[in-house]
Amino acid sequence: MAETVLMKAPFLWEGTDRKGKKIKGKALASDEAAVRADLRRQGVVPTRIRKQRQGLFSGGGSITTADIAIFSRQLATMLAAGIPLVQAFEIVGTGHENAAMQKLIMAVKADVEGGSALAEALSKHPLHFDDLFVNLVEAGEQAGALETLLDKIATYKEKTEAIKKKIKKALTYPGAVLVVAFVVTTILLIFVIPAFEDLFQGFGADLPTFTRMVIDLSLFVREKGWYLAIMIGSGIGAFFYFKKRSRAMRHTLDKMALKTPIIGPILQKASIARYARTLSTMFAAGVPLVEALESVAGATGNIVYEEAVLRMRDEVATGQRLQLAMENTDLFPNMVIQMIAVGEESGSLDEMSGKVADFYEEDVDNAVDNLSSLLEPMIMAILGVLVGGLVVAMYLPIFKMGSVI
C-alpha cells in the first residue's frame, strides 16, 4: 500500500460546484482519472485537470528543518480543530509544494492507516524525525495531548532554527565578501598586473621592491596557479571528509571554536540556549529527566557540550542532582546553574529552563547583530589592503617616472 501512496503526484484542477460556481484547487493522486473520480464524489464537475510541473526552483528536491517545523505546526492546528489524524495528513500532504515532503508525509500517513502509532511511523524516517521528535510524539500519544506536543515541537524547531540562521548569517556575509575579494585579487594578478609589467619593461630602470614583489606573485599565480588551486581544493575536500567521519577531529574543532575570540562566546551561548530549550520542551512533555538528557545532548550542536550532557545523564541516573552535574562540567555559567537549581527545588524545571532559553536566545541575537556591525569595517579594511595594495604597487613606478626618465 505504501508503494502506491509514494507514486502519487500533485494535480491542479478547475471545475464547478453544485451551485455552478467556478472553483479550483490542488489534489494529490496517482493519475488524472483518480482526481476526476474524487472530485465527482465531492459534487464537483471538473473542467480542467493538469499535472503540476516541478520546476527547476520549485523546491522539490530536499527536506529542510523548516519544512518539518511547518509540518508540525500544520498538523497540530488540524488536530486542535478536531480533524482526524489520517485526514489531517491528507490535507497537509496535498497542500505541500515540496514533492519530497509530500512523499514523506504520505508515507507516514500510509503507516498510520495500516495501524501503526504515529511515533512508530515517524521513527521509520530518522533522517527527518530525530529521537527527540519521536519521543515527544510518543509522550503526546500516551497522554492524549498530541496536538499540544506537536505545537511544542513546532515552537522548539522554529526557535532553534532561528538561532542557527542567525549564526549562519553572521558568518556567511564576511565569508562571501572574502571570497569576492579573493576572486577580484586573482583576476588582477592574472590579467591586469601582466599589462603593467609589459609597460614597466620599457622604463629601463629598477622597479620598487613592492612592485617587484607583486609582479613576482602574479608570475607565480599564472605559472603555478592550477597546482595551487588543486592543492587548496584537495585540502578543503580532505578537511570536510575527515571532519564528517572523525569524531575526534570534530571534538577538537568544536573545542577550538568555543575558545575562538568573539565567535566562541556566541557559539557557547547558542549551545546553552539549545540545551535549555530542548530540556524545557522534553520535561514539559513528561519525559523522564534521564531519558530527556539523552535527546538534549544531541541537540546542543557542539560535541563538547554533547559529551558533557551525556556525562550529566550518567550522574543524574545514579541519583545526582542536575544542578551539581552541570557544575561538574565547567561549561555552564553560574546564572544558568542557579536557575536550574531553583527549577529543581520548586518543581518547575521546564519553566526555568524555558526562561534560560529565552534569555540566551535573545543574547545570541544581540551578539550576532553586534558581531555583524563589528565585522563590516574589518572586512572593508581587508578589502582595502588587498585590492588597494595591488593598485598602489602598480602605480609606484609611474609616480617615480620623472626621476627614472
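What you are looking at is a predicted structure, and each value in this text was computed from that prediction instead of being measured.
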Task: Phe133 CZ to Ile68 CD1 distance, which is reported to the nearest 0.5 Å - done: 6.5 Å
Task: Given Val387, Leu383, Leu386, Leu390, the one that forms side chain to side chain contact (heavy atoms under 4.5 Å, CB included) with Val184 - done: Val387
TODO: Keeping the roles fixed (side chain from Arg48, backbone from Gly15), state whether a donor-acceptor pair exists under 3.5 Å.
DONE: no
Task: Considering all heavy atoms, the nearest Ile163-Ala270 contact - done: CG2-CB, 3.8 Å
Open item on the list: Is it true that, when you exclude Met256 itself, more than 12 heavy atoms of the residues, nucleotides or ligands shown sit nearer than 6.0 Å to its CE?
Closed with: no
TODO: Answer yes or no: is there a side-chain heavy-atom contact under 4.5 Å between Leu136 and Tyr156?
DONE: no
Task: Side-chain ion pair, Arg313 and Glu291, N-O less than 4.0 Å - done: no
- [ ] Indicate yes or no: does Lys109 engage Glu113 in a salt bridge with an N to O separation below 4.0 Å.
- [x] yes
Task: Min side-chain heavy-atom separation Ser271-Tyr305 under 4.5 Å - done: yes
Task: Lys/Arg-Asp/Glu bridge criterion (N-O < 4.0 Å) met for Asp358, Lys355 - done: no
Task: Closest contact, heavy atoms only, Ala273 versus Ala357 - done: O-CB, 3.8 Å
Task: Residue pair Val137 / Leu149, side-chain heavy-atom distance below 4.5 Å - done: no
Task: Interatomic distance, Gln102 atom CD to Asp67 atom CG [nearest 0.5 angstrom] - done: 11.0 Å
Task: Shortest non-hydrogen contact between Ile49 and Leu39, atoms and distance - done: CD1-CD1, 4.3 Å
Open item on the list: Counting only heavy atoms not in Met213 (residues, nucleotides, ligands), do more than 12 fall under 6.0 Å from its CE?
Closed with: no
Open item on the list: Is the ring pair Phe332/Tyr275 parallel, tilted or perpendicular, if the boundaries are 30 and 60 degrees?
Closed with: tilted
Open item on the list: With a 4.5 Å cut-off on side-chain heavy atoms, are Leu324 and Glu327 touching?
Closed with: yes
TODO: Check step by step if side-chain hydrogen bond (donor to acceptor under 3.5 Å, both in side chains) holds for Arg277 and Thr155.
DONE: CA-CA 10 Å; Arg277 179 63 63 194; Thr155 301; over 6 Å; no
Open item on the list: Test your reading of the model: is there a side-chain donor-acceptor pair from Ser246 to the backbone of Lys243, 3.5 Å cut-off?
Closed with: no
Open item on the list: Could you walk me through whether Met101 and Phe71 satisfy the side chain to side chain contact (heavy atoms under 4.5 Å, CB included) test, starting with their C-alpha distance in whole Å, then the side-chain angles of each, then the deciding distance to 0.1 Å, before giving a yes or no?
Closed with: CA-CA 9 Å; Met101 191 65 191; Phe71 161 73; 3.5 Å; yes
TODO: Could you check if a side-chain atom of Val287 sits within less than 4.5 angstrom of a side-chain atom of Thr281, using non-hydrogen atoms only?
DONE: no
Open item on the list: Check this for me, if you would: do Glu14 and Lys22 make a salt bridge, where the nitrogen-to-carboxylate-oxygen distance has to be below 4.0 angstrom?
Closed with: no
Task: CA sep, side-chain torsions, deciding dist, call: Lys244, Arg250, side chain to side chain contact (heavy atoms under 4.5 Å, CB included) - done: CA-CA 8 Å; Lys244 187 177 181 180; Arg250 293 203 306 273; 5.7 Å; no
Task: Atom CD of Glu362: over 12 foreign heavy atoms under 6.0 Å - done: no
Open item on the list: Under a 3.5 Å distance rule, please check whether Ser116 uses its side chain to pair with a backbone N or O of Val112 as donor and acceptor.
Closed with: no
Task: 4.5 Å side-chain heavy-atom contact, Pro84 and Phe89 - done: no
Open item on the list: Could you check whether Glu345 pairs with Arg321 (Lys NZ or Arg NE/NH1/NH2 to Asp/Glu carboxylate O, under 4.0 Å)?
Closed with: yes
Task: Interatomic spacing from CG in Leu189 to CZ in Arg222 - rounded to 0.5 Å - done: 9.0 Å
TODO: Consider only side-chain N and O atoms of Asn302 and Glu306, and report whether a donor and an acceptor are under 3.5 Å apart.
DONE: no
Open item on the list: So which atom in Leu371 and which in Ile262 form the shortest heavy-atom distance, rounded to 0.1 Å?
Closed with: CD1-CG2, 3.2 Å
TODO: Measure the spacing between OG1 of Thr211 and CG of Leu396 and express it to the nearest 0.5 Å.
DONE: 4.5 Å
Open item on the list: Between Glu307 and Arg247, does any NZ, NE, NH1 or NH2 come within less than 4.0 Å of an OD or OE carboxylate oxygen?
Closed with: yes
TODO: Over all heavy atoms of both residues, which pair between Met312 and Ala325 is shortest? Give the atoms and the distance, please.
DONE: CG-O, 3.5 Å
TODO: Keeping the roles fixed (side chain from Asn370, backbone from Asn366), state whether a donor-acceptor pair exists under 3.5 Å.
DONE: yes
Open item on the list: Is it true that, when you exclude Lys152 itself, more than 12 heavy atoms of the residues, nucleotides or ligands shown sit nearer than 6.0 Å to its NZ?
Closed with: no
- [ ] Assess whether side chain to side chain contact (heavy atoms under 4.5 Å, CB included) is satisfied between Lys124 and Asp111, documenting all intermediate values.
- [x] CA-CA 10 Å; Lys124 294 180 181 179; Asp111 287 333; 3.5 Å; yes
TODO: State, with a plain yes or no, whether a side-chain heavy atom of Glu344 is found less than 4.5 Å away from one of Met352.
DONE: no
Open item on the list: By the side chain to side chain donor-acceptor pair (under 3.5 Å) test, which pairs, at least two apart or in different chains, include something from residues 135-149?
Closed with: Asn135-Ser295
Open item on the list: To the nearest 0.5 Å, what is the distance between OG1 on Thr65 and CD on Glu161?
Closed with: 4.5 Å
- [ ] Return the minimal non-hydrogen interatomic distance between Ala121 and His125, and the atom names on each side.
- [x] O-CD2, 3.4 Å
TODO: Spell out, as yes or no, whether a donor-acceptor pair under 3.5 Å connects the side chain of Ser353 to the backbone of Asp350.
DONE: no
TODO: Evaluate the side-chain proximity of Leu118 to Val108: yes if any heavy-atom separation is below 4.5 Å, no if none is.
DONE: yes
Open item on the list: For a side chain to side chain contact (heavy atoms under 4.5 Å, CB included) check, start with the C-alpha distance between Lys255 and Ile303, then their side-chain angles and the critical distance, and finish with the verdict.
Closed with: CA-CA 8 Å; Lys255 190 173 183 180; Ile303 288 184; over 6 Å; no
TODO: Answer yes or no: does atom CE of Met231 have more than 12 heavy-atom neighbours from other residues, nucleotides or ligands under 6.0 Å?
DONE: no
Open item on the list: As an exercise, state the distance from CD1 of Ile190 to OG1 of Thr186, rounded to the nearest 0.5 Å.
Closed with: 6.0 Å
